[in-house]
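A short worksheet on the structure shown next.
In what follows, every chain begins at residue 1, and chains take the letters A, B, ... in the order their sequences are listed. All heavy atoms count here, side chains included; hydrogens, waters and symmetry mates do not.
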Amino acid sequence: MGMAVPRSVWMWVLVVGAFALGAWAQSAGLIADILWRWEDIVFLARQHMQLVAISGGLAILVGVPLGILLSRPAMRRMAETLMQGLNVGTTIPTLAVLALSMTFLGIGTVPAIFALWIASLLPIVRNTYIGILEVPAALREAAQGMGMTNLQMLWRVELPNALWVIFAGIRTALAINVGTVPLAFLIGGGGLGELIFTGIALAETGMMLAGAIPTAILAVLTDFLVATVARFTVPRGVNPLAR
Amino acid sequence: MITLENVTKIFESPSGAITAVDHVSFEVPEGEICILLGPSGCGKTTTMKMVNRLIEKTGGKIFVDGKDIDDYDPVTLRRTMGYVIQQIGLFPNMTVEENIMVVPRLVGTPDAKARKRAAELLGMVALDPGIFLKRFPRELSGGQQQRVGVARALAADPPVLIMDEPFGAIDPINRETIQDEFLKMQANLKKTIMFVSHDIDEAVKMGDRIAIFREGRLEQYDRPDTVLAHPTNSFVREFVGGDRTLKRLRLVRVGDAMHPGAPYVFPEDRIGDAVARMHEYGHRSIVVLNREDMTPTGLIRLAEVEEARGSCGEHAMRLPGRVHVDADLRRAVSEMFTQDTTWLACVDSDGRFKGHITQRAITHLLGETYRHPNEGVVPDTRRQRGEAVLEPETGPIPGAPA
Amino acid sequence: METVSFIVQNIDVIVELAVEHLSIVAVAVGLAVLTGVPIGIAITQNRQVADTVLYVAAMVMTIPSIALFGLMIPILSLVGQGIGYVPAVIAVLLYSQLPIIRNTYTAINNVDPALREAARGMGMRPLQRLWRVEIPLAVPVIMAGVRVAVVINIGVTAIAAYIGAGGLGTLISRGISQTDDRQLIAGALAVSLLAIIADYGLLALQKKLTPRGLQV
């Protein structure tokens with residue numbers, strides 16, 4: 001284990017790096033510039049998170065039930081075809097999704113939310129479907145043999161055992177979502193993208209960073225939040241993180 | 001009691017209809033274990049799954065305790081039967097306790113009662129409730145998981161158990177242990193059990209009755225000893241194996257082939273007494289016992305002491321071997337072969353001398369059924385210990401090395 | 001209809017942008033393979049380092065691309081490359097690390113211990129084992145990582161048009177700012193098609209690179 005690097009060393013590298021960056025930013029007057037925009041940042045960050053919450057929430061509300069529905073034996077054949085379509089759909093770049101949404105729905109919050117919703121829907125549906133499908137057949141047989149109805153089997157066996165995979169889908173979806181939200185500004189959806197894109201266009205580094213830094217922080221926080229919720233929601237017996 | 005009448009299953013497949021189970025009729029009496037045995041694809045599993053309606057039959061009737069299973073809703077029906085499968089299928093998202101409580105909860109048993117029952121059952125399958133109740137399946141070994149699987153099937157105290165190769169995925173050593181424990185449990189519980197297996201040794205060991213299937217047909221349905229001694233056709237004969245008579249050894253306890261009134265002497269006795277006793281019984285050797293605890297310590301051969309003097313202790317030789325009265329005959333024969341002898345002293349759990357068993361008595365007992373094919377079936381004595389079936393010893397002196 | 005005629009008329013421009021687009025992705029993912037695969041192999045030696053590297057790579061992955069571009073501008077401006085081709089390539093390079101490192105790491109780690117044992121038993125040295133057993137077995141999985149990286153980064157490169165990197169994103173950005181549906185749709189369709197074709201093409205390649213004995 002000669003090359004074992006303790007975690008604390010990494011922490012130090014990060015902290016020193018952050019300080020160096022901060023010192024440099026200070027000397028360039030960037031920190032003052034960013035703080036001067038504090039009100040804008042807060043306003044836009046709230047708008048930003050609203051977009052995430054609404055489109056992501058709707059994607060979960062629709063995606064999970066849809067995934068469950070597709071996993072029912074009666075839907076099996078249709079589901080396979082649909083999944084192939086969904087797989088193609090996930091390769092489409094989000095900027096293209098936004099652009100297409102704009103050509104059909106115009107500009108504003110609604111087309112932005114619609115595009116974000118579509119982009120995050122796919123991973124959720126797919127993971128819910130696959131998660132349930134991958135529940136071992138033996139569990140299903142045991143559940144059925146013990147006299148569970150299909151609904152009881154879904155609630156007590158299939159969903160709890162698929163939950164980890166479903167959460168992975170939600171995590172991916174929200175990562176895509178949060179990553180795409182800044183682009184929503186381009187079709188009039190608002191959010192922190194406004195500072196970034198305007199900053200780039202006007203070559204104003206301070207404004208651009210005032211958008212970019214909070215965007216990055218919000219993205220990391222959202223990911224952390226979903227991971228934490230998954231960690232505490234998924235039953236201990238099937239949770240790889242709980243030992 | 002489970003009764004099958006002309007049960008038939010036809011599967012539709014793209015290449016035409018396939019008859020998986022063909023007019024099968026038999027009955028599993030109350031409190032017995034019936035093993036469904038046969039090569040893969042013979043219809044045994046399909047037959048079993050029709051009983052709890054995981055597979056719907058195409059024709060025929062199935063009655064459980066006299067009631068037609070078609071009169072029930074399948075879900076309700078399944079809750080009245082315990083179900084154990086080879087892959088065990090413990091729900092990984094639930095603790096051991098929750099797994100066992102699944103069916104009680106489904107049928108609305110109060111939680112406190114179900115919890116108490118779970119702890120009780122865990123104890124019954126030899127797992128410490130204090131340690132295992134709150135564990136998750138992934139924290140258990142395969143053998144422990146299967147024990148929990150059995151406990152779970154028993155949770156609602158169903159009169160009927162359906163088991164699909166329940167011990168098939170466990171390593172051979174643990175399998176023996178779990179089988180033994182299960183038999184012990186069954187001796188108290190007296191469930192009516194339908195048990196699928198592909199292992200003839202397991203079938204002989206576990207079954208009160210064996211149903212042998214081939215290509216959807218029931219080839220033979222009998223007690224294990226009858227199946228082994230009198231296979232009805234060449235298929236069954238080949239399936240049970242060329243060593244089928246050896247397998248029968250498993251079915252009889254040493255105590256039932258033992259000669260109970262065997263003579264013995266103590267070390268302090270004079271050698272003349274030993275000689276006299278051997279002559280009296282017509283034996284060529286005699287066992288020497290320790291007077292305090294009646295354990296066999298040695299033996300005296302007639303040929304070597306006829307002219308001798310002194311005490312028995314001085315002339316005692318090493319005892320060639322001993323066997324427990326509750327062991328099966330396979331154990332006894334194995335011991336005889338190991339010791340190169342034709343007889344063994346039989347002892348109880350305290351090591352006390354109970355009698356002796358000879359090769360001849362064993363062959364005689366096993367041969368009985370061939371001499372009187374219609375009546376002389378060896379009773380399955382593991383659970384019904386009756387009178388000794390041995391005739392009085394006649395002919396040459398037993399125990400004499402040939 | 002308008003859009004169709006626009007596409008037909010400007011097909012040469014579109015193809016040119018597509019080539020530009022692909023070249024950014026190809027160069028960056030190519031570099032990412034050169035860095036990611038060795039890193040992925042190296043971290044199989046130490047669990048703790050592996051966890052840390054994968055954690056950092058995953059964290060980079062969560063940063064929205066436009067924010068990453070934004071963060072890089074002031075830094076790269078110091079060397080006069082704040083916008084354009086270089087930041088685009090660096091961003092793609094960074095985003096490609098996670099799928100490639102992770103897949104390499106997992107693939108090497110998942111090589112059946114029995115095979116490793118057999119290789120050792122036959123007298124292979126660690127490096128021979130890596131070259132003859134572990135890497136050949138890992139190639140399909142690594143390729144899957146490359147494929148994921150390429151698909152993700154075709155999308156990232158589209159956004160890079162906003163920092164002047166060119167590519168098909170140019171059509172979309174112009175379409176949005178000029179509210180010109182023809183350019184917008186042409187750009188969106190072209191970039192989607194590019195992603196889908198790349199996905200299928202790399203899948204075919206992945207199958208081809210899978211040793212025959214491993215193909216299902």
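- When the candidates C:Leu168, C:Val151, C:Leu68 are compared by the number of heavy-atom contacts under 4.5 Å with chain A, C:Val151 comes out ahead.
- Distance check: A:Thr90 OG1 to C:Ile196 CD1 gives 9.0 Å after rounding to the nearest 0.5 Å.
- The minimum heavy-atom distance between C:Ile154 and A:Pro93, with the atom names listed, is CG2-CG, 4.4 Å.
- Annotation: residues 14-39 of chain C contacts chain A through no residue [non-hydrogen atoms, separation under 4.5 Å].
- For the residue pair C:Pro64 and A:Ala219, the shortest heavy atom distance occurs at CD-CB, 3.5 Å.
- Each of A:Thr215, A:Ile217, A:Thr103, A:Thr180 has some count of heavy-atom pairs under 4.5 Å with chain C, and the biggest count is that of A:Thr103.
- Neither the backbone nor the side chain of A:Leu192 has a heavy atom closer than 4.5 Å to any heavy atom of chain C.
- Proximity to chain A (any heavy atom under 4.5 Å) is shown, for C:Ile159, by both the backbone and the side chain.
- The shortest side-chain heavy-atom distance between A:Leu186 and C:Tyr162 falls under the 4.5 Å cut-off.
- In this structure, A:Met208 CE and C:Ile66 CD1 are separated by 9.5 Å, a value rounded to the nearest 0.5 Å.
- With a threshold of 4.5 angstrom between heavy atoms, C:Leu71 approaches chain A through its backbone and through its side chain.
- Expressed to the nearest 0.5 Å, how far OG of C:Ser173 lies from CZ of A:Phe197 amounts to 9.5 Å.
- Other residues, nucleotides and ligands place more than 12 heavy atoms under 6.0 Å from the CE atom of A:Met49.
- To the nearest 0.5 angstrom, C:Asp199 atom CG is 5.5 Å from A:Thr91 atom OG1.
- Side-chain contact check for A:Ile187 versus C:Ile176: some heavy-atom pair is nearer than 4.5 Å.
- Distance check: C:Ser65 OG to A:Leu95 CG gives 9.0 Å after rounding to the nearest 0.5 Å.
- Note: C:Ile172 CD1 to A:Met102 CE = 11.0 Å, rounded to the nearest 0.5 Å.
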